[in-house]
Structure formats: structure tokens, C-alpha cells
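Reading through the C-alpha cells given below for one structure.
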Amino acid sequence: MRRLLNNTRDKIIGRHELNELTTEVQRRQQAGERGIFTNGCFDLLHLGHIRYLQEARALGDFLILGLNNDTGVRSLKGPGRPLVPEKERAEILAALACIDYVTIFEEPTASLLVELLRPAIYVKGGDYANAQGSQPDTSRLPEAKVVQAYGGIVRLIPYLPHHSTTELIAAIKRLPE
């Protein structure tokens, strides 16, 4: 799977290519590289997303992003979402230098994808911390249990206040017509 990672669309891995991606992740990690995985909706890209993704990438040598498909976003965020279709979201995210691979998943969580790829580090935002704020809330983050089971690391990156897609949509709705 030696792709030329400078072509945005080449960074997007289809479901039929997941075995190749798994092999590539294993090869790179066995060679001493640290694979990072994160996932989410990324409906409207904003500063909070950019900083989060850059911080995630800085934890290792390559970053894989699992992107919720349109049905998953609708289930998580409600009717009217996503605003941007999954294939467009994937291409926008793949254009970022900090992201090496993007794959769209259909399942309600990224647990199966995490189990398949077994990244060294799984990253999520600090808003997924438990009540004490120090550990992942595994009731809301089932992927963390998968990572812990195979001995990987779960890292939470601090949430950037007032930078969310929901807040951005609310601000747009308040604009005068």
C-alpha cells in the first residue's frame, strides 16, 4: 500500500482497502513508528478540529482518521446533519498535512476499526474524560476499552472552549437574513 501521500484522494482508504491499511499500519509499527488513530464527525472544519488533529499527529509518526459516515453523524448529531456529505468531509480532512489516512466507517462506533488497525495510540478530545477529568469515560468511549485490551495507549487532548461545530451552527443561525 505504498501510496503517494501527497495526493489528497490517495489518503482516503475505502472499506475494500482496510486489509491493506491494516497491513501498512502493522508494517510501520513493527518498523518502530507509532501509529495514532482518532475518529469523529468533523462536519464543519474549525480551529478546534485543526488544533486537535495537529496535537494528535504530534504524538506519533502517522495519523489515521476514522470518519463517521452520514448515517452515523445523523444518529449522533440529529436531523439536518451532517451539513457536509461524508465523501467531501473525507477529502477536506485528507488535504490536511497532519493526516496520513482517512477511512469512513459505518458502524455506530469506531471500535471494530480500532480492533482491526490496533494503533499504538488512540486519541479523543478531553470532553470524553470521566467525571474526575483524568481518564477516558469508557461508557461514552467504547474504543478506549478495545485499546486498553490490546495494551495500547489512550490519550485525551484538551477541548478548545467555544470551538465546536454546534456553536458554529448556532452562530450562523443568529446571523441576520
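As the structure is a computational prediction, the values presented were derived from the model and not from experiment. Values below: every heavy atom of this structure, side chains too, minus hydrogens, waters and symmetry copies.
Note that the CD1 atom of Ile64 and the CD1 atom of Ile99 stand 11.5 Å from one another [nearest 0.5 Å]. Between atom CD of residue Gln148 and atom CD1 of residue Ile153 there is a gap of 11.0 Å, rounded to the nearest 0.5 Å. Between the CG atom in Asp127 and the CD1 atom in Ile157 there is a gap of 11.0 Å [rounded to 0.5 Å]. Interatomic distance, CG of Leu141 versus CG of Asn39, reported as 7.5 Å (0.5 Å rounding).
Residues Arg74 and Pro82 form a side-chain contact, since some pair of their non-hydrogen atoms from C-beta on lies under 4.5 Å apart. Residues Val123 and Leu63 have side chains not in contact (no heavy-atom distance under 4.5 Å, counting atoms from C-beta outward). Between Ile50 and Leu96, the closest side-chain pair of non-hydrogen atoms falls below 4.5 Å. Between Leu18 and Leu113, the closest side-chain pair of non-hydrogen atoms falls below 4.5 Å.
Tyr159 and Tyr122 fall into different hydrophobic clusters, where Ile, Leu, Val, Met, Phe, Trp and Tyr are joined by side-chain heavy atoms under 4.5 Å apart, directly or via other members. Each of Val102 and Val73 belongs to its own hydrophobic cluster when Ile, Leu, Val, Met, Phe, Trp and Tyr are linked at side-chain heavy-atom distances under 4.5 angstrom. By the criterion of side-chain heavy atoms lying less than 4.5 angstrom apart, applied directly or through intervening Ile, Leu, Val, Met, Phe, Trp or Tyr residues, Val154 is grouped together with Leu116 in one hydrophobic cluster.
Residue pairs meeting the salt bridge (charged side-chain N to carboxylate O under 4.0 Å, His left out) criterion with at least one member in residues 110-121, sequence neighbours excluded, are Glu115-Arg118. Sequence neighbours left out, the pairs with a member in residues 53-69 that pass side-chain hydrogen bond (donor to acceptor under 3.5 Å, both in side chains) are Arg57-Asp100. Within the structure, every pair that satisfies the salt bridge (charged side-chain N to carboxylate O under 4.0 Å, His left out) test and touches residues 132-161, not counting sequence neighbours, is listed here: Asp137-Arg140. Counting only residues at least two apart or on different chains, the side-chain hydrogen bond (donor to acceptor under 3.5 Å, both in side chains) pairs with a member in residues 78-96 are Asp43-Arg81, Asp70-Arg89. Sequence neighbours left out, the pairs with a member in residues 29-40 that pass salt bridge (charged side-chain N to carboxylate O under 4.0 Å, His left out) are Arg28-Glu33.
Judged as a side chain to side chain donor-acceptor pair (under 3.5 Å), and not counting sequence neighbours, the contacts of Ser111 are Thr109. Looking at residues two or more places apart in sequence or on another chain, you find no ring-ring contact (aromatic ring centres under 6.0 Å, His included) involving Tyr52. Here Glu167 pairs with nothing under the salt bridge (charged side-chain N to carboxylate O under 4.0 Å, His left out) rule; sequence neighbours left out. Partners of Thr22 by side chain to side chain donor-acceptor pair (under 3.5 Å), not counting sequence neighbours: none found. For His46, the ring-ring contact (aromatic ring centres under 6.0 Å, His included) partners are His49, not counting sequence neighbours. Not counting sequence neighbours, the partners of Arg15 by the side chain to side chain donor-acceptor pair (under 3.5 Å) test are Glu107.
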Can you check side-chain contact (heavy atoms from CB on, under 4.5 Å) on Thr165 and Cys41, steps first, answer last?
-> CA-CA 10 Å; Thr165 301; Cys41 299; over 6 Å; no
Test log, rule side-chain contact (heavy atoms from CB on, under 4.5 Å), inputs Phe42 and Leu65 | CA-CA 10 Å; Phe42 300 93; Leu65 186 134; 3.6 Å; yes
Where do Leu53 and Leu93 land on the side-chain contact (heavy atoms from CB on, under 4.5 Å) test, with the steps shown first?
-> CA-CA 10 Å; Leu53 292 167; Leu93 289 159; 4.0 Å; yes
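The main-chain N or O of Ala144 is never found under 3.5 Å from a side-chain atom of Thr138 such that the two would form a donor-acceptor pair. A side-chain donor-acceptor contact under 3.5 Å links Tyr150 to the backbone of Pro119. Checked by atom type and distance alone, the side chain of Lys77 never pairs as donor or acceptor with a backbone atom of Gly72 at under 3.5 Å.
Each of Gln30, Glu24, Gln29 was scored for a side-chain hydrogen bond (donor to acceptor under 3.5 Å, both in side chains) with Arg27, with one residue passing: Glu24.
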Let me have the donor-acceptor pairs involving side chains of residues 168-177, under 3.5 Å, with sequence neighbours excluded, atom names and distances please.
none

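Closest approach of Ile104 to Ala90, counting heavy atoms only: CD1-CB, 4.1 Å.
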